[in-house]
Enquirer: 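Before we start, here is the structure in question, set down as structure tokens.
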Amino acid sequence: MSDSNTADAEASNVKPTNFIRNIIDNDLESGKRTNVQTRFPPEPNGFLHIGHAKSICINFGIAKDYNGECNLRFDDTNPAKEEAAYAEAIANDVEWLGFKWAGEIKHSADYFDRLFDYAVELIEKGVAYVCELSMEEMRDYRGTLTEPGKNSPYRDRAVAENLDLFNRMKAGEFEDGSIALRAKIDMSSPNINLRDPVIYRIKKAHHIRTGDKWCIYPTYDFTHGISDAIEGITHSLCTLEFEDHRPLYDWFLENITIDCHPQQIEFSRLNLEHTITSKRKLNLLVNEGVVDGWDDPRMPTISGMRRRGYSAAAIRDFIGRTGVTKKVHTVEMSLLENSVREDLGENAGRAMAVLNPLKVTLVNYPDDKVESIQAPIHPQKESMGKREIFFSKTILIDQADFRESANKKYKRLVLGKAVRLRNAYVITCDEIVRDGQGNIVELLCTVDLNTLGKNPEGYKPKGVIHWVSESHSKPATVRLYDRLFNVANPAAEENFLDCVNPECLVEVVDARVELSLGEAKPEQVFQFEREGYFCADRYQHSADNLVFNRTVTLRDSWAKIEAKS
RNA sequence: UGGGAUGUCGCCAAGCGGUAAGGCAACGGGUUUUGAUCCCGUCAUGCGCAGGUUCAAAUCCUGCCAUCCCAGCCA
């Protein structure tokens, strides 16, 4: 169980195959490469989400399978957006997901000195220049998708002047946005990224790693490929939107003096139905108070899913099932739920919890008698052992498990009929007790004492329902989570906040759970039989305040039958 | 509209010139002290469309069509 949370423990009898692995296989076979080195390069400007999980699984997974290593590198080139707290949360999430990065955590900022030197090299070679166009002017000069841009009036400055200006930029002589260092490539390129992209800009901001040492910062395009090369990355795997940047990635590495040229390969992002993965929108959910934070169990963040009760193994399994291609796709939620159920079905201990209690008095059972029953923690896995449950005269069942009358399809308790109490006896309902308003407040039943562990003689109970003994149960808060959005593609909505599912969280405060659940530890997972999978809340659950989050329901074919009629 | 990419079952996805894997979903049926699990079975004469090459095409060629990405001193 302890190693089920590391990707190393994964049974690798089924070898994943995808176009990236095919490229690597060919590179190794042809001798183009002799090793495999990858990296996961998040920007510390938010929490990691399910989309990042895909990138993590691909990068760390490939490194592991090819006996290589994967670096964790914070792409921290924009101090205006980055925070140390995010960096810390990201590292925790990667670790929790079960992956180990090579050596120390890396930072693009670790290479700022070398990056500066490479910029100087470009200037000296005459392929970079300091440009004084304002941002608006630069936009005008850039042209459009269909029209070429035109050269900046500062494009042909002398090398010495560029060097002087660049050093003065570094010295803090200019204001943010007033001046920038640009690569001299081709203002008429049909690829807009090649129209003299900015490689250094002024940002008088405090950096989480370098403090106030710098007031100029390299841009992503200039930084990323060079950082990869410095680290000896062989295959730089990223998402589709960087495809147009690949010529730039290659241009920098061809124009500086460096002996490593990683290959950038792009794959499509993971899109999941009923969820959103835009950091901006996720941030809005947090700031608008729609959810209680980045790690709210409804969030598609790694920490949110963790708190929801999804295991790292289930998330890894899900990612593996979605595949790696260049096709823009959107995966159905049922695929994720399948992975989660498969993992929890195997590993979660069983327990009984009554969400909406209805009192049942067993009229023929002795008033003060209490029976101890050894119930299996997992009916299909005896090795998981037993738990002790208690049976007594007054028990609680779920309100949904009783009907005064019903057709033969209803396999629960009905007035005058019998039903099996899970792990215990068969009971028959004799009478309904109502309050002044006519609400059912109690059931009077007869228990067949000859049915513990064996079938009753002469009749067949209609089904099996769960229960707890009233005086041998504990109160608990149970949070029923459902999908956050009620449309498949919230990102396509005019205002995605309008389609937040009003029932994404239903909190049950008066549930009753079996005694053994009083010993649940935070993050421990259970199957509440006939209800679903739940986990003790990572932060709010304690021995005297039981709080369980519903991870996912059990598959429910009854709901389909019911919906049909 | 310039450039870059992508189109195989409802959703993913193998396939790489020799006659359409697999998973999820769905739908039947069996087992069952969880309407769960498990087990069996059904589910593309068809690979965006139209031509062409070939004994043979999802795979090669040509032309269309659709969708996604790019005009931050964001990543």
Side-chain angles (χ1 to χ4, degrees), chain A residues 14 17-18 22 41-43 45 75-78 80-81 131 133-135 138-140 142-149 176-182 189-195 197-203 216-217 219-221 223-224 238-247 266 268 273 279 318 320-339 341-342 345-346 350 352 378-380 409-412 419-426 451-455 461 463-466 488 527-532 553-562:
Chain A
V14 182
T17 172
N18 59 54
N22 291 342
E43 182 186 17
N45 68 343
D75 219 338
D76 51 358
T77 57
N78 187 353
K81 294 189 173 182
C131 181
L133 250 26
S134 68
M135 292 194 202
M138 210 181 277
R139 185 163 58 235
D140 290 340
R142 188 154 35 228
T144 68
L145 293 178
T146 53
E147 300 155 27
D176 287 18
S178 63
I179 193 167
L181 181 69
R182 294 224 259 170
S189 171
N191 180 344
I192 292 181
N193 294 120
L194 263 20
R195 318 240 263 229
V198 167
I199 60 182
Y200 260 95
R201 71 289 213 199
I202 313 266
K203 272 188 192 293
I216 57 171
Y217 291 92
T219 55
Y220 164 84
D221 285 309
T223 308
H224 201 85
C238 62
T239 44
L240 250 30
E241 66 272 27
F242 293 105
E243 216 153 17
D244 288 340
H245 294 243
R246 190 176 350 119
E266 312 84 14
S268 55
E273 283 192 348
K279 275 188 196 171
F318 164 67
R321 287 172 193 255
T322 61
V324 182
T325 67
K326 290 174 78 85
K327 182 169 136 188
V328 175
H329 65 185
T330 302
V331 177
E332 289 177 344
M333 190 62 105
S334 63
L335 192 65
L336 207 207
E337 292 180 338
N338 174 68
S339 292
R341 288 193 183 107
E342 203 167 275
E346 181 81 8
R350 313 282 123 127
M352 292 195 282
H378 193 304
Q380 280 81 39
K409 280 185 180 170
Y410 186 79
K411 305 197 318 193
R412 309 181 190 184
V419 78
R420 159 77 65 182
L421 292 178
R422 177 75 169 154
N423 294 127
Y425 300 96
V426 172
T451 55
L452 189 60
K454 55 183 157 183
N455 290 127
V464 182
I465 64 173
H466 60 283
Q527 181 195 103
F528 288 175
E529 289 187 294
R530 302 209 316 126
E531 290 288 356
T553 61
L554 252 25
R555 277 200 183 80
D556 190 358
S557 57
W558 166 242
K560 284 180 201 165
I561 295 167
E562 227 185 1

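Owing to the predicted nature of the structure, the values given are computational and were not obtained by experimental measurement.
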Enquirer: With rounding to the closest Å, how many angstrom separate the P atoms on B/G17 and B/C61?
Expert: 12 Å

Enquirer: Among A/Thr223, A/Thr219, A/Ile216, whose side chain to side chain contact (heavy atoms under 4.5 Å, CB included) with A/Tyr200 holds?
Expert: A/Ile216

Enquirer: Distance criterion of 3.5 Å, no angle test: do you see the side chain of A/Glu332 paired donor-to-acceptor with the base of B/G10?
Expert: yes

Enquirer: When all nucleic acid strands are considered with a 4.0 Å heavy-atom cut-off, which category describes A/Tyr200: base, sugar-phosphate, or nothing?
Expert: nothing

Enquirer: Considering only the P atoms, how many Å lie between B/G7 and B/A14, rounded to the nearest integer?
Expert: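 My reading of the P atoms in B/G7 and B/A14 gives 10 Å.
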
Enquirer: Taking the same atom, C1', in B/C60 and in B/U54, what whole-Å distance lies between them?
Expert: 9 Å

Enquirer: Does the base of B/U37 carry an N or O that pairs as donor and acceptor with the side chain of A/Glu346 under 3.5 Å?
Expert: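 Donor-acceptor pair under 3.5 Å: no.
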
Enquirer: Which nucleotide in the list B/U6, B/U33, B/C70 gets nearest to the side chain of A/Lys326?
Expert: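 Out of B/U6, B/U33, B/C70, the nucleotide with an atom closest to A/Lys326's side chain is B/U6.
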
Enquirer: For B/A58 and B/C73, measure between their P atoms and round to the nearest Å.
Expert: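 My reading of the P atoms in B/A58 and B/C73 gives 47 Å.
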
Enquirer: Going by salt bridge (Lys or Arg N to Asp or Glu O under 4.0 Å), name the residues that satisfy it together with A/Glu332, two or more places apart in sequence or in a different chain.
Expert: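 Result, salt bridge (Lys or Arg N to Asp or Glu O under 4.0 Å) vs A/Glu332: none returned.
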
Enquirer: When we call it a touch if two heavy atoms are under 4.0 Å apart, what does A/Asp75 touch: a base, just sugar-phosphate, or nothing?
Expert: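 Sugar-phosphate contact only.
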
Enquirer: Roughly how far apart, to the nearest Å, are B/C16 and B/A57 at atom C1'?
Expert: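 These two C1' atoms come out 12 Å apart once rounded.
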
Enquirer: Can you see if the side chain of A/Arg201 gets near the phosphate of B/C74 - specifically, an N or O under 4.0 Å from OP1 or OP2?
Expert: yes

Enquirer: For A/Gly345, answer base if it contacts any base atom (sugar-phosphate contacts may also be present), sugar-phosphate if it contacts only those atoms, and nothing otherwise; contact means non-hydrogen atoms under 4.0 Å.
Expert: nothing

Enquirer: Indicate whether OP1 or OP2 belonging to B/C68 is found under 4.0 Å from a side-chain N or O atom of A/Lys327.
Expert: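 No, no such contact exists.
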
Enquirer: Would you give the length of the straight line joining atom CD of A/Glu529 to atom CG of A/Leu554, rounded to the nearest 0.5 angstrom?
Expert: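 That separation rounds to 9.0 Å.
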
